[in-house]
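Naming convention: chains lettered A, B, ... in sequence-line order (proteins, then strands); numbering from 1 in each chain. The structure displayed is predicted, hence computed values, not measured ones.
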2 protein chains.
Amino acid sequence: MRIKEGNKEKDILEAAVKVFAEDGFHKAKISKIAEKASVATGSVYVYFKNKDDLLIKIFKDLWENMLGELKLLSSNKALSASEKIDGIIDLIFDVFTENPSLAIVFVNEQNNHARTRQDDFIDYYEKFLDEGEKVVKEGIEKGEFSSALDVKIFRYYIFGAIRNLLHHWASNPKSLTLNKIRQNIKYLTKNGIRKV
Amino acid sequence: MRIKEGNKEKDILEAAVKVFAEDGFHKAKISKIAEKASVATGSVYVYFKNKDDLLIKIFKDLWENMLGELKLLSSNKALSASEKIDGIIDLIFDVFTENPSLAIVFVNEQNNHARTRQDDFIDYYEKFLDEGEKVVKEGIEKGEFSSALDVKIFRYYIFGAIRNLLHHWASNPKSLTLNKIRQNIKYLTKNGIRKV
DNA sequence: GTGATTACTGAATCGTGATTCAAAAATAAA
DNA sequence: TTTATTTTTGAATCACGATTCAGTAATCAC
C-alpha cells in the first residue's frame, strides 16, 4: 500500500485559485495549475472530476465557511443591528484580505458560473445572503434602520458595492488601503453621502 | 457592384448581445449568433475580426454613448449635485431597462475581458466614471455631500451596487420592479440605512 | 443582355487544451 | 526480496468550435 504524500488536493486547489485569478477561468490551463501545484497534469484529475469541479469546490469551501462565521455573528445577542452590519463587512473583508486572488475569482467567475449549472455552493451563498438579510430586518423592527428600505434590494446593493470595491482593490492593491475602503463602506452604508 | 442589404452589422451585434447574455461569452457559439442574426456563419467574419471583436464593439458602443449623455447632464448648471447623482442613476437604468441582455453582458463579461487586453472601450468607460466622480467632488465642495467620504471609493461603491442590482433584475425580472430598485438606490446612496 | 465587382455562404480546416490511460514509481505487507 | 496495492505521471487522444476560403449570388454599369 502506498500513502498519499503531502496534501495534493489542497495544493491543487490553492494553485487553481491563483491561476484562475491571473488568467481567468476560461483561459486558465490545467497544465499551469498542475505545474504551480508541483504535480503532474493527470494528478489534477485524480482529485477533481474536471475543470469546473475545481471552481465549484473553491466556491463551496468559501461560502460554507463564510456562512458558519456569519451564523455565529448574527446570533450574538450582545450586538446591535448596526454593529452586526459592521461585523458582516469585517467578515467579508477579512477573508478576501487574506486571499486577494480569491476575491478576484469570486468577482469575476461566480455569477457567470452560477447561471447555468445548479451546484450546491449556491445554496451556501444564498443562505449567507439570507442570513445577512435577517440582520437588516431585525434592525428595521428595532427601529435602528429606516423602514423605507426594501431588505431584498439592500442585500444586493451592499453586496454589489463591496464586491466591486474588493475587485478594484485586488486588481490595484496599491491604489487604496483596504482599511480605508472598509471604513468608507461602513460609513456610506449607514449614512449615505448627504452631509448631516 | 453590389450594395449591402439591410444592416447586417447591427443585426449581428444585437444577436451577439442576446447570445452572450444567454450562454456567456465563452460558451456562446458564433454559429448561434449568425443564426439569430439570419446570416451565415462566415458573414460574422465579414463584419468583425473575431469573437473578441464583437464584445469590444458592444462595450465601445455602450460607453461611448453613455459618456456623451453624461457630459450633457453634468454640465447642466441648473442642477444641484444631488440632482445630478439622481440623473446619473437614471441614465444607467434607462439604458439597461431598454436592453436587459446588455446589462447581463456588461456585468458578466466586462471585468473579465478588460483585464488582459487594452481596448479603447475602456477609455470611454473610465472617462464615464471620471465624469461621475467630478459630480461628487462638486457636491462636496458645495457642501451638499459629506467631506468625510473618499470620492474614489464612492465611485466604485455606487457603481458596484447598481451593477449588482441590475444583474439581479436582469436575471429575475419578475422579482423586483426596476422602478423600485431605482428609487431605493437613490435613497440609499444619499441617506444610508440609518433611521433619520 | 454581359462583365465586373462586391456581398454572402457554409462546409472543411485547424488549433487548442481538457481529458484519458497505460505505464512507472512509491510504499506496505508478506 | 518479492508481491500487491495505490499513487502519480505526462504524452497521446479527442472533442469542440473559431476561423477560413473557394465558390455562389446579387447588384450595378454599360
For the pair A:Asp53 (side chain) and A:Phe48 (backbone), establish whether a donor and an acceptor sit closer than 3.5 Å, ignoring hydrogens and angles. no
Going by atom type alone, with no hydrogens or angles, which donor-acceptor pairs under 3.5 Å involve a side-chain atom of residues 34-42 of chain B and a protein atom two or more places apart or on another chain?
| unit_1 | atom_1 | unit_2 | atom_2 | d |
| --- | --- | --- | --- | --- |
| B:Lys36 | NZ | B:Glu22 | OE2 | 3.3 |

Spacing between A:Leu55 atom CG and C:dA18 atom P, to the nearest angstrom: 13 Å
Between C:dA11 (P) and B:Glu35 (CD): distance, integer Å: 12 Å
What is the distance, to the nearest angstrom, from the CD atom on B:Glu9 to the P atom on C:dA7? 12 Å
Could you go through nucleotides 18-22 of chain D and list every protein N or O atom that sits under 3.5 Å from one of its N or O atoms, giving the distance for each pair?
| unit_1 | atom_1 | unit_2 | atom_2 | d |
| --- | --- | --- | --- | --- |
| D:dA18 | OP1 | B:Ala28 | O | 2.9 |
| D:dA18 | OP1 | B:Lys51 | NZ | 3.3 |
| D:dA18 | OP2 | B:Ile30 | N | 2.8 |
| D:dT19 | OP2 | B:Tyr45 | OH | 2.6 |
| D:dT19 | OP2 | B:Lys51 | N | 2.9 |
| D:dT19 | O5' | B:Tyr45 | OH | 3.4 |

Candidates D:dT8, C:dT9, D:dT9 - which lies nearest the side chain of A:Val39: D:dT9
Would A:Asn172 and A:His168 satisfy side-chain contact (heavy atoms from CB on, under 4.5 Å), going step by step from the backbone distance to the final call? CA-CA 6 Å; A:Asn172 323 289; A:His168 175 71; 3.1 Å; yes
Ring centroid separation B:Trp63 to B:Phe106 under 6.0 Å: yes
Tell me whether the side-chain N/O atoms of A:Lys8 come closer than 4.0 Å to OP1 or OP2 in D:dT8. yes
What orientation do A:His113 and A:Phe25 show, parallel under 30°, tilted 30 to 60°, or perpendicular over 60°? perpendicular
In whole angstroms, how far is the P atom of C:dT19 from the OH atom of A:Tyr47? 18 Å
Looking at B:Tyr157 versus A:Tyr157, is the centre-to-centre ring distance below 6.0 Å? yes
